[in-house]
Student: 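Here you go, one structure.
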Amino acid sequence: MSRTVVKEVRSILIPLHELQLLLPNAVIAEVIGYQEPESVEQGKPDWLVGSTIWRGVVIPIVSFEGMLGARVVIPGHRGRIMVMNTLNQQQKLTHIGLVVQAIPSLVRVSADNVIPLNSEDELDPLIKQRVELDMNPAMIPDLDEIERQVLDVVN
């Protein structure tokens, strides 16, 4: 039996306010222009920016940096909402919208251009790995944890 070795992964580099995320391209359903989300009921965390209707489905809009405890920054005219597919196939939560500051970039990730960064600090549960991609810092988020936290809040 032969084994196929993946030499590179098509990915997306996502510009947030003060950091960048790195995700495989397959996670992204669509990137849409930023539109003011519908407000959420009081008592919800600040990182739950609101909700919007995308392809006939109401999806929550979140700020990743807000989830990390940083200030929630609403984007300017270049802002976007990146619609992500959820991984755990929950009927109630099929997609999550992520506030991004500009159009994400397509990148190819391989052993030649990405370096995992070991940190002395303990990582937040929302972060799987810190990396350096072509000498630029980025974070690989834990999509299961994002989905779990969003589900806890929208239920």
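Just so we're clear, the structure is a prediction, and the values are computed from it rather than from any experiment.
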Student: In a check of side chain to side chain contact (heavy atoms under 4.5 Å, CB included) between Leu23 and each of Pro104, Pro141, Ser11, which one passes?
Tutor: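 Testing each of Pro104, Pro141, Ser11 against Leu23, the sole residue satisfying side chain to side chain contact (heavy atoms under 4.5 Å, CB included) is Pro141.
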Student: Find out whether Leu133 and Leu13 are in side-chain contact, i.e. whether some heavy atom of one side chain is under 4.5 Å from a heavy atom of the other.
Tutor: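 Touching, per the 4.5 Å side-chain cut-off.
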Student: Report the residues that fulfil side chain to side chain donor-acceptor pair (under 3.5 Å) with Glu145, sequence neighbours left out, ordered by chain and then residue number.
Tutor: Arg148, Gln149
Student: Does Asp46 have more than 12 heavy atoms from other residues, nucleotides or ligands lying within 6.0 Å of its CG?
Tutor: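 No, not enclosed.
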Student: Kindly give the heavy-atom pair with the smallest separation between Gly79 and Pro75, and that separation in Å.
Tutor: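 Gly79 and Pro75 have their closest heavy atoms at CA-CB, 3.4 Å.
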Student: Quick one: list whatever passes side-chain contact (heavy atoms from CB on, under 4.5 Å) with Asp124, sequence neighbours left out.
Tutor: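 Once residues adjacent in sequence are excluded, the partners of Asp124 under the side-chain contact (heavy atoms from CB on, under 4.5 Å) criterion are Leu68, Leu126, Ile127.
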Student: Only counting residues at least two apart or in another chain, list the ones meeting salt bridge (charged side-chain N to carboxylate O under 4.0 Å, His left out) with Glu30.
Tutor: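 Counting only residues at least two positions away or on another chain, Glu30 forms a salt bridge (charged side-chain N to carboxylate O under 4.0 Å, His left out) with Arg55.
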Student: Check Asn85 against Ala29 and note the closest heavy-atom contact, atom names and distance.
Tutor: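 For Asn85 versus Ala29, the nearest heavy atoms are OD1-CB, 3.4 Å.
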Student: Which atom pair, heavy atoms only, marks the closest approach of Val99 to Val73?
Tutor: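 For Val99 versus Val73, the nearest heavy atoms are CG1-O, 4.1 Å.
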Student: Does Arg10 have any salt bridge (charged side-chain N to carboxylate O under 4.0 Å, His left out) partners at least two apart in sequence or in another chain, and if so, which?
Tutor: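 For Arg10, no residue satisfies salt bridge (charged side-chain N to carboxylate O under 4.0 Å, His left out) once neighbours in sequence are set aside.
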Student: Which pairs, with at least one residue in residues 70-79 and sequence neighbours excluded, count as a salt bridge (Lys or Arg N to Asp or Glu O under 4.0 Å)?
Tutor: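 For residues 70-79, and leaving out neighbouring residues, there are no salt bridge (Lys or Arg N to Asp or Glu O under 4.0 Å) pairs at all.
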Student: Looking at every heavy atom in both Val49 and Val62, which two are closest together, and how far apart are they?
Tutor: CG2-C, 4.2 Å
Student: Can you confirm whether Ile32 is buried at CD1, in the sense that more than 12 heavy atoms of other residues, nucleotides or ligands lie under 6.0 Å from that atom?
Tutor: yes
Student: Please name all residues satisfying ring pair (Phe, Tyr, Trp, His ring centres under 6.0 Å) with Trp54, sequence neighbours left out, ordered by chain then number.
Tutor: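 Trp54 satisfies ring pair (Phe, Tyr, Trp, His ring centres under 6.0 Å) with His95 once adjacent residues are dropped.
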Student: Which heavy atom in Asp142 sits nearest to a heavy atom in Asp144, and how many Å separate them?
Tutor: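 So the minimum-distance heavy-atom pair works out to OD1-N, 3.1 Å.
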Student: Going hydrophobic residue to hydrophobic residue with side-chain gaps under 4.5 angstrom, can you get from Val153 over to Leu98?
Tutor: yes
Student: Is there a continuous path of hydrophobic side-chain contacts, each under 4.5 Å between heavy atoms, that joins Ile81 to Ile12?
Tutor: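 Different hydrophobic clusters.
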